[in-house]
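To find a chain, count down the sequence lines: A is the first, B the second, and so on, and within it residues start at 1. Quick caveat: nothing in here was measured; it's all calculated off a predicted structure.
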Protein chains: 2
Amino acid sequence: MSDVAALAGVHKATASRALNPSTSGLVNAATARRVRTAAEQLGFTPNSAARSLRTNRSFTVGVLLPDLTNPLFPPVARGIEEVLNARGYTALLANTDNDEAKERTQFEALRGRQVDGFIIATAQRVHPLLDEAYESGVPIVLVNRCTDKRLFPWVAGDDATGMALAVEHLLGLGHRSIAHVAGPQSMSTGVTRVRAFRHAVETAGIAPERAPVVVSESYTAPAGERATHELLEKHPDTTAICAGNDLIALGALHALKARGLRCPQDISLVGFNDMQFADEFQPPLTTVRVPHLDLGAEAARLLLERLDRYEEKGHPAPMSKTVFLPVRLVVRASTAAPPPHGA
Amino acid sequence: MSDVAALAGVHKATASRALNPSTSGLVNAATARRVRTAAEQLGFTPNSAARSLRTNRSFTVGVLLPDLTNPLFPPVARGIEEVLNARGYTALLANTDNDEAKERTQFEALRGRQVDGFIIATAQRVHPLLDEAYESGVPIVLVNRCTDKRLFPWVAGDDATGMALAVEHLLGLGHRSIAHVAGPQSMSTGVTRVRAFRHAVETAGIAPERAPVVVSESYTAPAGERATHELLEKHPDTTAICAGNDLIALGALHALKARGLRCPQDISLVGFNDMQFADEFQPPLTTVRVPHLDLGAEAARLLLERLDRYEEKGHPAPMSKTVFLPVRLVVRASTAAPPPHGA
DNA sequence: CTGAAAGCGCTAACAA
DNA sequence: TTGTTAGCGCTTTCAG
């Protein structure tokens, strides 16, 4: 930078001002142009470490995800990345594998790198790390899942509506024995969807015992498969299943095949999320589409908003805005009218 | 850090030495312990920006990927992340969407953040950006694809063997009219697999005109579908297809369905990569398994090796080590003997 | 509008 | 073994 300043014939402070968009107004337009030209000639790239050291801002955001290898998360990561990059920020992704210790390690590592804030997709309903983080005042936005204590802004798909859509679709097809293979109840998505399921069947006048709920121990195909077997042991007259998410639905598909049941002829199945390749399953999955990219983008926007206020006015009282993004049902081939004898 | 030093009753330089694993040997064990205790009490986290500024190392590596949303790349990203994290490094992922301008922007942004090196999965056979990068001397390791000029260390699956395995499998099933729907020839993987395909069929004594190659314009399902239609127009007697990768294979599956052809009864299909959910396609895909996680891990190891040498001896002559990881054929339901009339 | 000067938090020579 | 000192490259008062 000194070189740039020298070449432009100004002091390095002036060069700094000229090069920084937010302060370039303070400098003579002609001078500024001269500096920019010089910078270009010398191929100058500002040293972000020095800037961070001085300004105490890294223009970096930590993103905590369960697992990048789970097809749900790449789109949210991309959504985050896109809006962050546009504002000169960089996302630092970290996988926690739903492991509390690993999450803590990653969180600390990210803090050590002076991230300006976090976007967190790993919230559990009860989450000590997040409680502590709240006390410390780091800017945080939750995406997809949230904690029971509403401490942070939160962006999610409209799960309640989505589940209602799924149930109505099955109802419309003539199903009267609809079950829910739910996700883990330690996560907000798990309980929200159960609640919405119960409400929807109740509204339709279906007796609770005709609308059983079994819980899958994780949002994975193997766990979904086990839970589905359990369901069908106890409730063999089920004609339709709402899965907690698409991976659970995939497991359910495996369970049905294992039991010699055809989908959708014997049992209809609805997933949740519309993850990549849900349309390639056998049969292609009817599911609730959640706009994952937008989820990420919106979460990033919320964080930036918070960061901007942070910068201006010190530590303002954090407000816990909640944003629900609209979802819609995508009907494919895994749902049909119930078999005549099953209704 | 001054606070930590004060609490431990030492100078901050001593505290620095005590806290840094590589220099803690220079300090009295008892003193070191005292310092560490003090640091813990105060919840001290070193400021990485200051360290970077001083040491000119960020312990950060830039990773250029085409698209995180493509199921091939999350596993390589995780492999990279795992070995990098274990050594105190952080990966900065950037998506280029196979767009040269975007790639350049991301590359510069990453350089601006003082990354210590790059792992690049976006290499084209002719790649001006990489030529320039080579001149500049930044440590770089290529993963999966490589440039024609062998400037950098490179980690990839053993494509030639993989393709040979695929062809042998089809040959063993009795196929004698095998086609290859190849990936883009602007990428090393595209040409390597074509070359291996030609060699394998030739070795088996199949006439070149019985083993046509059509090129898909990208590694995507829609492009693969178009290319497959083109193939089947020109060569309707084809009984088996080797796809350039699983996404192309997926497109081929769509094309077959559109033409009323059954897989594997009418046409057998082999993919490449064994990406996530390839086993859920309809039919489950026979494919060549490439160890993507290991690819990433090995690339990270190579880069760290280079970085270590870099630190010790300044800029050593970069050596372009090439590592091929073993692959194997995973036989599923998309391959079978050719139909009687088609052989 | 521009220059001078200080300092962000850390590490690496050098001295003791 | 520890303390002293200087300085990494930038931004930001404060003067001019």
Side-chain angles (χ1 to χ4, degrees), chain A residues 1-39 42-60 88 108-109 111-116 311-312 314, chain B residues 1-39 42-60 88 108-109 111-116 311-312 314:
Chain A
M1 168 108 107
S2 305
D3 299 353
V4 173
L7 180 57
V10 296
H11 192 265
K12 69 193 172 98
T14 307
S16 168
R17 284 187 278 252
L19 262 11
N20 199 313
S22 70
T23 49
S24 62
L26 303 174
V27 77
N28 186 309
T31 317
R33 211 168 325 110
R34 206 144 33 84
V35 172
R36 276 194 295 272
T37 315
L42 299 179
F44 168 78
T45 355
N47 182 319
S48 60
R51 172 181 307 192
S52 293
L53 183 58
R54 184 59 231 238
T55 59
N56 219 13
R57 312 209 42 204
S58 63
F59 286 92
T60 282
E108 298 302 345
R111 293 214 67 172
R113 289 189 175 264
Q114 327 296 126
V115 297
D116 296 334
E311 190 178 26
E312 282 167 25
Chain B
M1 168 107 108
S2 305
D3 299 353
V4 173
L7 180 57
V10 297
H11 191 267
K12 69 192 173 100
T14 307
S16 167
R17 284 187 279 252
L19 262 11
N20 199 312
S22 71
T23 49
S24 63
L26 302 174
V27 78
N28 186 307
T31 317
R33 212 167 324 111
R34 207 144 32 85
V35 172
R36 276 194 296 271
T37 313
L42 299 179
F44 168 78
T45 355
N47 183 320
S48 60
R51 174 184 307 197
S52 291
L53 183 56
R54 185 59 233 239
T55 60
N56 219 11
R57 311 210 42 204
S58 63
F59 287 91
T60 283
E108 298 302 345
R111 294 214 66 172
R113 290 191 174 261
Q114 327 295 128
V115 298
D116 296 333
E311 190 179 24
E312 281 167 25

Output the distance between atom OG (A:S52) and atom CZ (A:R113), rounded to the nearest 0.5 Å.
11.5 Å
Enclosure of B:N56 CG (heavy-atom neighbours >12, cutoff 6.0 Å)
no
Measure the CZ-CZ distance between A:R57 and A:R51 for me, rounded to the nearest 0.5 Å.
11.0 Å
Integer-rounded Å distance: D:dT2 P and B:L26 CG:
10 Å
When rounded to whole Å, the CZ to C1' distance for the pair A:R57 and C:dG9 reads 19 Å
How long is the line joining CZ of A:R54 and P of D:dT12, in whole Å?
6 Å
Rounded to the nearest 0.5 angstrom, the CZ-CG distance for B:R34 and B:N28 is 8.0 Å
Rounded to whole Å, CG of B:D3 lies from P of C:dG9 at a distance of 10 Å
Measure the distance from NZ on A:K12 to P on D:dC10 and round it to the nearest whole Å.
8 Å
May I ask you to verify if any side-chain N or O of B:S16 is less than 4.0 angstrom from the OP1 or OP2 atom of C:dT11?
yes
Check the distance between D:dG9's C1' and B:L53's CG and give it to me in whole angstrom.
5 Å
By nearest nucleotide on DNA chain D, pick out whichever of B:T55 and B:A29 is the more 5' one.
B:A29
If the cut-off is 4.0 Å, is A:H11 near the phosphate of C:dT2, judged by side-chain N/O to OP1 or OP2?
no
Taken to the nearest 0.5 Å, the spacing of B:L42 CG from B:T37 OG1 works out to 10.5 Å
Report the distance from atom CZ of A:R34 to atom C1' of C:dT2, rounded to the nearest whole Å.
11 Å
Please determine, for the side chain of B:A50, which listed nucleotide (D:dC10, D:dT2, C:dG9) has the closest atom?
C:dG9
Roughly, in whole Å, what's the span from CD in A:Q114 to P in C:dC8?
15 Å
Does B:N47 make a side-chain N or O approach to OP1 or OP2 of C:dC8 shorter than 4.0 Å?
no
Residue whose nearest DNA chain D nucleotide is more 5′ - B:A32 or B:N56:
B:A32
Any donor-acceptor pair under 3.5 Å between the side chain of A:R17 and the base of C:dG3?
yes
Check whether any side-chain N or O of B:T31 sits under 4.0 Å from OP1 or OP2 of D:dT2, and answer yes or no.
yes
A:T14 side chain near C:dG3 phosphate (N/O to OP1/OP2, under 4.0 Å)
yes
